[in-house]
Number of protein chains: 2
Amino acid sequence: MPPHKLDDIDRKILAELQADGRMTNVELAKRVGISAPPCLRRVRTLEESGYIKGYHAVVDARALNFEVQVFAMVGLQSQAEVDLSKFEAKCREWPLVRECHMLNGEVDFILKCVAPDLSTFQSFLTGELLSTENVASVKTSLVIRCAKDEPGVPFEVLEARLAQNA
Amino acid sequence: MPPHKLDDIDRKILAELQADGRMTNVELAKRVGISAPPCLRRVRTLEESGYIKGYHAVVDARALNFEVQVFAMVGLQSQAEVDLSKFEAKCREWPLVRECHMLNGEVDFILKCVAPDLSTFQSFLTGELLSTENVASVKTSLVIRCAKDEPGVPFEVLEARLAQNA
DNA sequence: ATCCTCTTGAAATGATCTTGCTTAAATGAG
DNA sequence: CTCATTTAAGCAAGATCATTTCAAGAGGAT
């Protein structure tokens, strides 16, 4: 159910819910300029057709004593599809690994990891990551601080493109 | 208002809302084992004390024609605090840059970027990023595919640690 | 022009949110 | 150990919101 042309209102809904996922439907309807029932129908449609993949609360990791965030650049020995998939499956099992992206270039994967402290991460690194078969090299970088963290789509850019094509 | 000791119920609430940020309060209350009013009070407290930093809908970037995702490793010439801050401010202004993390090691920053297509990204890269003062080097890697993307805290790990300390 | 389809908005109903109050349990001082 | 204090739970009520139903209007095709 992927196609389903979006109109301006749909995009506004997506932008609003991306900014505040707990907004009530009446508030959302008011902001996008339609009444509540059609607004709710649109939201449901956007959910069912996959434009909205879920809703999440952003929890402060540091407040929960996860002090350490690390990017790990991983190189594998074999890049055969089977081996790539095996490594990805491992990543999905490791709770400390929150993101796993396959890249082009010299590095095969980049992982974003969290841990309560450095020693916890180190034991994961040596005990799990580095001792996984097919892992050739791992280069890690500690996150000192985060200047921006806004996952999602820049709707400003999207609107600009649409205005241009009109 | 950062302190405010969390108990088991609070952690359950955080875990549930991280998994489904749009859950109704009565459903949440049922899951964590208390009635609705105290549950809502706890959620409000968690929000006000900063444990919950916000709620967001996850929008499918690809469905909105953002086909390209790139990690950019940036090195600066000067690492004086003023210059670091200047670069971070730039990143906050660039809509294509969704995340900006300062790292230790040879690379100063890692950026996660999105773009509708490669050419859009390339013009951003050459026209903006590379022509910014103080930027010494940029190495980019295209994301081929994403095997895991679960921002947030691994509550399984948190619970395991607490059980151990008990 | 007429029918068909699709979407909207108003109204109604049921569920949820939210507040104030009461009560019970936990904590500490004497 | 007892009592005062504090903290949080549950209950009940009104307000708000979600969701369904349905009639009406816009747009397209015949």
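On a predicted model such as this, the values are computed, not experimentally measured, just so you know. Every chain is numbered from 1, with letters handed out A, B, ... down the list of sequences.
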Round to a whole Å and report the spacing from CD of B:E47 to C1' of C:dC17. 13 Å
For B:S141, what residues pass the side-chain contact (heavy atoms from CB on, under 4.5 Å) criterion, not counting sequence neighbours? A:L103, A:N104
Quick check for you: to the nearest 0.5 Å, what is the distance between B:T132 atom OG1 and B:W94 atom CH2? 3.5 Å
Could you list the residues that satisfy side-chain hydrogen bond (donor to acceptor under 3.5 Å, both in side chains) with B:E106, not counting sequence neighbours? A:K139
Taking salt bridge (Lys or Arg N to Asp or Glu O under 4.0 Å) as the definition, give me every residue that meets it alongside A:E93, ordered by chain and number, with sequence neighbours left out. none
CD (B:E159) and CZ (B:R11) are apart, to the nearest 0.5 Å, by 5.5 Å
Given side chains that start at C-beta, do those of A:L111 and A:V138 come closer than 4.5 Å, heavy atoms only? no
Please report, rounded to the nearest Å, how far the P atom of D:dA8 is from the CG atom of B:L6. 12 Å
Residues in contact with DNA chain C, drawn from residues 7-22 of chain A - heavy-atom cutoff 4.0 Å: none
Using atom CZ of B:R44 as one end and atom P of C:dT16 as the other, report the distance to the nearest whole Å. 16 Å
One character per nucleotide, please: for nucleotides 10-17 of chain D, 5' to 3', B when the base has a protein heavy atom closer than 4.0 Å, S when only the sugar-phosphate does, - otherwise. BBB----S
Minimum heavy-atom separation for B:V97 to A:K148, with atom names? O-NZ, 2.8 Å
Expected list for residues 65-77 of chain B: side-chain donor-acceptor pairs under 3.5 angstrom, two or more places apart:
none

Separation of D:dA18 atom C1' from A:R42 atom CZ, nearest Å, is 18 Å
